[in-house]
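So that the names make sense, note that chain A is the first sequence line, chain B the second, and so on, each numbered from 1.
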Amino acid sequence: MAFTPNDVIATARDLLQDTVNGPYRFSTDSLIRAFNMAIPEARRIRPDLFFASLDTMPVVTTGNLATPLALNDQYKTAFVLFLVGFAELRIDQFTNDNRAMTMMARFSSMLTGPV
Amino acid sequence: MASLDAVNPDRLVRDIASIVNGVLPEVIRNELYATVRDFCRRSNSLKDDVLDTLPAGSSELMIADVNGLKAIKVLAARTGDGAIIYEDPLLRQRALTGIVTPRRYYCPAENKMVFEGAPQADLPLTLMVAFCPRADSASVPEDLYEQRYEGLKAGTLGRLYMQPNKPYSNLALGRLNMGSFVAAVSIARVEALQELTKADPPAPYPRWA
């Protein structure tokens, strides 16, 4: 069970309502950068998620978007929420701040909080 | 003879994965292997007879690994003629009372025996040895898996619940399961010892009955 960066980015775009490439409001590059922030954060608070590759951390690039990450599907949603929250942090509108913070907090609680 | 072959613990991993929220199978396996080692070391219940020979003129015997399992304790030893030699004072006291033998040994290391004196001819030995998977081993011995399934399950669950900052961290459940694990270890330890003791003498029939 593993998911690809493409899966996460596509789902994040659904939540961001940014599905039309004309061009995208949030570029793929910026979402990749957000993804590469999420991975070390997840590694920090849940090292067991990276049990198979504790010495190396996966890095997402435009070249490996379709390559499955060595991460369990159970935590795909957490990464989606991080990407959405991280993207929305950059929106300069007060109404989005709470939403962004909620997404980021949900990322942490999904990884560590009781179910 | 016991079976020290490794088995695939998939069933146990699935059992635990269906109980613990959000745990990864590789993490379950890792804790299971630690539980297996802990169980073996505490209980001495993973044991088998090993046939070996103490060469003439030598007083030291190294016990080789069997299926990647390390010898951790010699529980009993017999020579080819059936005479019992021993080290463990508890066993000597409880089980081997009355048997007199000049041959004794001690174990300076877990898998090494040193005998009092060296035999003049090769001395064939039958050793009952307790084994344990090595620290870097990733295997579950068949005997333990078949006979101590619930104990291993409780120990693995306890270790998982006691991990910090996980969705499944739960100190109360951790303690509960570790208690069950310790109980299973205690039973296994007693059973392992009982197999080395004589049966109780029959109770005398009351004369007046």
Within-4.5 Å side-chain heavy-atom neighbours: [X] and [Y]:
X       : Y        : value
B:Arg42 : B:Arg189 : no
B:Lys70 : B:Cys132 : no
B:Leu24 : A:Gln74  : yes

Tell me the closest heavy-atom pair linking [X] and [Y], and the distance in Å.
X        : Y        : answer
B:Val36  : B:Pro133 : CG1-CG, 3.7 Å
B:Gly57  : B:Ala118 : C-CB, 3.5 Å
B:Pro9   : B:Val140 : CG-CG2, 3.9 Å
B:Arg159 : B:Met178 : N-SD, 4.0 Å

Portion of B:Pro164 that has a non-hydrogen atom of chain A nearer than 4.5 angstrom: neither
Taking heavy atoms only and a threshold strictly under 4.5 Å, list by residue number the residues of [range] that touch chain B; give 'none' if the list is empty.
range                       : value
residues 48-60 of chain A   : A:Asp48, A:Leu49, A:Phe51
residues 104-114 of chain A : A:Met110, A:Leu111, A:Thr112, A:Gly113, A:Pro114
residues 16-47 of chain A   : A:Ile45, A:Arg46

Value rounded to 0.5 Å, distance of OG in B:Ser139 from CG in B:Leu4: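 Taking OG in B:Ser139 and CG in B:Leu4, the distance rounds to 10.0 Å.
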Atom pair CG/CG of B:Leu69 and B:Asn111 - distance to nearest 0.5 Å: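 Separation between the atoms: 12.5 Å.
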A:Tyr75 and A:Phe79 aromatic centres sub-6.0 Å: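 So the answer is no for these two rings.
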B:Asp65/B:Arg134 ion pair, N-O < 4.0 Å: yes
B:Arg37 with B:Asp136: basic N within carboxylate O range, under 4.0 Å: no
Closest-packed option against chain A by number of heavy-atom pairs under 4.5 Å, given B:Gln163, B:Lys166, B:Glu26: B:Lys166
Polar side chain donor-acceptor pair, B:Ser180 to B:Asn177, under 3.5 angstrom: no
All pairs passing salt bridge (Lys or Arg N to Asp or Glu O under 4.0 Å) where residues 78-91 of chain A contributes a residue, at least two apart: A:Glu88-A:Arg99
